[in-house]
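The sequence lines fix the lettering, A, B, ..., with proteins before strands; numbering per chain opens at 1. Note that this is a predicted model, so its numbers are computed, not measured. Heavy atoms only: backbone and side chains are in, while hydrogens, waters and symmetry mates are out.
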Amino acid sequence: MNVVTRFAPSPTGFLHIGGVRTALFNLLFARHHGGKYLLRIEDTDKKRAVKDAIDAILDGLNWLNLNSDEKPVFQSNNRERHQRVATELLSAGLAYHCYCSQEELLKMRENARVSGTSRLYDGKWRNKDPAEAPRDVAPVLRFKTPTNGTTKINDLVQGPVNVSNEQLDDMILLRADGTPTYLLSAVVDDHDMGVTHIIRGDDHLTNAFRQIQLFKALKWDTPIFGHIPLIHGPEGGKLSKRHGALGIDHYKKQGYLPDALVNYLMRLGWSHGNDEIFTLAQAIKWFDISNVGKGPSRIDFNKLDSINSHYIKEADDEILVGLIKEAVIEKLNLSECSNIEQRLTDAMPGLKLRAKNLMELIDSSLFYFKKGPLSFDKKALLILDKVAKERLKKLTSSLEKIYPWNPEIIQSTLKDFSKNEEINLGEIAQPLRAALTGTTISPSIFEVASILGKEETMARIKDILNN
RNA sequence: GACCCCUUCGUCUAGUGGCCUAGGACAUCGCCCUUUCACGGCGAAAACACGGGUUCGAGUCCCGUAGGGGUCACCA
């Protein structure tokens, strides 16, 4: 079978993490089977569809390298086609006009609740003579759902699920203004796009039963469904804004690497044995939808951070420099010069070992570029006491003699110094770190001094001694 | 409320009836490395929701119970 999948987000808000994972699984499944992965923007609700949201979806997928194999389909462009299909259903006797008012529907719903059924519409106009239709009411078009039997799906993820047709009421195909509803549009588009496998969040599971009725009525092949569980927040509840339900652009702003985010999301709800770190290409080879878990999984920022720091460590220094350079320049209000790029590149191996995300990477690199005198944090000030300053003063003459100025010689100089002074290496290394970086945390202080250069190193020490 | 789905360490998960004395990863704790913080290495603690079956044997199959979730619009 030639597999075709699609990701079909509605552009009503932003592209969130759950949507991304749905897109990812659709891509993984299609590519694994050598098929196509398509994107369809479900923008039929003109009131809510926003151009910004469409851009957010496109930008987000692009950033994550999850672009669809063909140009996105905009559902709103197919409206007339959807309407024609609805009309066909009407003339085939498979749909009918319903003239119920909102008040009537509300009452039916109440009745249904009281009598304990999920069949909300009672079928009032299903068998009425169209001649009884009120003149002044624009009708909706409803589908004649079979009243007996059961609808079965053999879900790729959830397994066999059956629902009695009695539970299904007559869904609206066309609104009173003639526009098609989601249930109809999605079915027609899936058919027209040749979609063979519908992989989506399991909040759509109940929709599958209604949509199957439409596929059958239209005598179209019914796609195979795979309903993947939703992602929950860290506390197990619905994903909230406080807990991860942010646009994917926020993850970008927070300094997550796209590959890391994709790796984390692939591993959330799907597994390949005990593998934790793997590329999209590997996952495509391995992907088997039967290994997608049935239960919802919680987002875990600790693990995301851990994977992100792994990817940062593995990333090429030049790439990381490119990603943070602008921000460093902006934060310190520096004027652009090649020196910044060079120094960042030199410092990157030490810096990237300690960063969970790009924000930390940026912040931890700033001291390399600050113009003296530095500002010092509490711990640094505590270290830079009288004794420490005395030692630094003594150290300067040793440092002056160093040539060439490189980490190894700086290290041996400090070691010799501590030996001569009969102190621990830390008793001179920590004051030096505080003097050069303004903090007590940094990469190897020999490396730091080396990258700063002799002149800058001496200048920063002098700043301390003069205060 | 009705219908449907789900349930292995705190979290993500491995597990497809004997390989399970339940494995890995994140987080936590301890030790080692070390000029700091990290990284890295080693180790510890930590789970089959509960109750019944089926079977020689059950985390794995079946049935209940409890808990969690989803859906129930002229939204998608």
Side chain of A:S297 (C-beta onward), nearest among B:A73, B:U13, B:U35: B:U13

Say we look at B:A45 and B:C6: how far apart would their P atoms be, to the nearest angstrom? 34 Å

So what does A:L268 hit on the nucleic acid, given a heavy-atom distance under 4.0 Å: a base, only sugar-phosphate, or nothing? sugar-phosphate

Using the C1' atom as the point on both nucleotides, what is the distance between B:G67 and B:U8, in whole Å? 16 Å

In the structure shown, which nucleotide is the Watson-Crick or G-U wobble counterpart of B:A2, with both distances under 3.5 Å? B:U71

Establish whether the base of B:U35 is bridged to the side chain of A:R433 by a donor-acceptor pair shorter than 3.5 Å. yes

Assert yes or no for the condition that the ring centre distance of A:H197 to A:F29 is strictly below 6.0 Å. yes

Looking only at side-chain atoms of A:D203, point me to the closest of B:A73, B:G70, B:A76. B:G70

Quick check: do A:R142 and A:Y121 have side-chain heavy atoms less than 4.5 Å from each other? yes

Between atom CG in A:L230 and atom P in B:G70, what is the gap in whole Å? 7 Å

Can you tell me which nucleotide in B:U35, B:C72, B:A76 comes closest to the side chain of A:Y182? B:A76

Base, sugar-phosphate alone, or nothing: which one does A:G269 contact when heavy atoms must sit under 4.0 Å apart? sugar-phosphate

If we only count heavy atoms from C-beta on, is the A:L156 to A:F225 side-chain gap below 4.5 Å? no

Quick test: give all pairs of protein nitrogen or oxygen and nucleotides 5-7 of chain B nitrogen or oxygen below 3.5 Å, distance rounded to 0.1 Å.
| unit_1 | atom_1 | unit_2 | atom_2 | d |
| --- | --- | --- | --- | --- |
| B:C5 | O3' | A:Q158 | OE1 | 3.4 |
| B:C5 | O2' | A:Q158 | OE1 | 3.0 |
| B:C6 | OP1 | A:K294 | NZ | 2.9 |

Which part of the nucleic acid does A:T440 contact within heavy-atom distance under 4.0 Å: base, sugar-phosphate only, or nothing? base

What does A:C100 touch in the nucleic acid at a heavy-atom separation under 4.0 angstrom: a base, only the sugar-phosphate, or nothing? base

The side chain of A:R109 is closest to which nucleotide in this list: B:A76, B:A73, B:A14? B:A73

Among B:U35, B:C37, B:C74, the nucleotide that comes nearest once only the side chain of A:I441 is considered: B:C37

How do A:A176 and A:V163 order along RNA chain B: which one's closest nucleotide is nearer the 5' end? A:V163

Please check if any side-chain donor atom of A:S450 sits under 3.5 Å from a side-chain acceptor atom of A:N406, or the reverse. no

Residues A:K303 and A:E276 bridged, charged N to O under 4.0 Å: yes

Exactly one of A:I41, A:L61, A:L38 should register a side-chain contact (heavy atoms from CB on, under 4.5 Å) with A:F7. Which one does? A:L61

Those residues that, when tested against A:E132, pass salt bridge (charged side-chain N to carboxylate O under 4.0 Å, His left out) (two or more places apart): A:K128

Tell me what A:Q102 touches on the nucleic acid: a base, only sugar-phosphate, or nothing, going by heavy atoms under 4.0 Å. base

Answer with yes or no whether the side chains of A:S76 and A:D43 bring together a donor and an acceptor at under 3.5 Å. yes

With B for base contact, S for sugar-phosphate-only contact and - for none (protein heavy atoms under 4.0 Å), nucleotides 24-29 of chain B reads BBBS--

Taking N or O atoms only and anything under 3.5 Å, show me the protein contacts with nucleotides 39-46 of chain B, one pair per line.
none

Can you find a side-chain donor-acceptor pair between A:E166 and A:T147 that sits under 3.5 Å? no

Say you pick atom C1' in B:A47 and the same atom in B:A22; how far apart are they, in whole Å? 9 Å

Figure out the CG/P separation between A:L392 and B:U35, and round it to whole Å. 18 Å

When rounded to the nearest Å, what value does the distance between C1' atoms of B:A66 and B:G52 take? 14 Å

Does the structure show a Watson-Crick or G-U wobble partner for B:U21, both distances under 3.5 Å? Name it, or say none. none

When rounded to whole Å, the CG to P distance for the pair A:D169 and B:A73 reads 8 Å

Distance between P atoms of B:G53 and B:A46 (Å, rounded): 30 Å

Taking atom C1' of B:A76 as reference, at what distance in whole Å does atom NE2 of A:H82 sit? 13 Å

Please answer whether the main-chain N or O of A:I409 pairs with a side-chain N or O of A:S412 as donor and acceptor at a distance below 3.5 Å. yes

Students often get this wrong, so: under 4.0 angstrom with heavy atoms, is A:H204 touching a base, only sugar-phosphate, or nothing? base

Is there any protein nitrogen or oxygen under 3.5 Å from a nitrogen or oxygen in nucleotides 30-32 of chain B, and what are the pairs?
none

Any side-chain N or O of A:R142 less than 4.0 Å from the OP1 or OP2 oxygen of B:A73? no

Using only side-chain N and O atoms of A:T206, determine if any of them is under 4.0 Å from OP1 or OP2 of B:C3. no

Would you measure the distance from the P atom in B:U21 across to the matching atom in B:C48 and give it in whole Å? 15 Å

If we take the P atom in both B:C32 and B:G24, what is their distance in whole Å? 24 Å

Minimum heavy-atom separation for A:R21 and A:L265, please, with both atom names. CD-O, 3.5 Å

Does the side chain of A:R433 pick up a donor-acceptor pair with the side chain of A:S442 at under 3.5 Å? yes

Just compare B:C12, B:A76, B:U16 and give me whichever is closest to any side-chain atom of A:N207. B:A76

Test item: A:H16 and A:Y251 side chains (from C-beta on) under 4.5 Å apart, heavy atoms: no

Here the gap from A:I224 atom CD1 to A:I199 atom CD1, rounded to the nearest 0.5 Å, amounts to 10.0 Å

How about A:D346 and A:Y368: does a side-chain donor come under 3.5 Å of a side-chain acceptor? no

Base-pairing assignment for B:A44 (Watson-Crick or G-U wobble, both under 3.5 Å): B:U28

Is A:D170 salt-bridged to A:K144, going by a charged N under 4.0 Å from an acidic O? no

Distance, rounded to the nearest Å, where A:D377 contributes CG and B:U36 contributes C1': 12 Å

Under 4.0 Å, counting only non-hydrogen atoms across every strand here, what does A:S185 touch: a base, just sugar-phosphate, or nothing? nothing

Using both distances under 3.5 Å as the test, list the Watson-Crick or G-U wobble partner of B:G64, or none. B:C50

Under the rule for salt bridge (charged side-chain N to carboxylate O under 4.0 Å, His left out), what residues qualify as partners of A:D288, not counting sequence neighbours? none

Given the structure, check if the side chain of A:S444 and the base of B:U35 hold any donor-acceptor pair shorter than 3.5 Å. yes

Figure out the CZ/C1' separation between A:R354 and B:A38, and round it to whole Å. 5 Å

What is the distance, rounded to the nearest whole Å, between atom CZ of A:R210 and atom P of B:A76? 13 Å

5'-most by nearest nucleotide on RNA chain B - A:F209 or A:K415: A:F209

From the options A:T222, A:T145, A:T151, select the one residue that forms a side chain to side chain donor-acceptor pair (under 3.5 Å) with A:Q213. A:T151

Please state how far atom CG in A:N165 lies from atom P in B:C4, giving the value in whole angstrom units. 12 Å

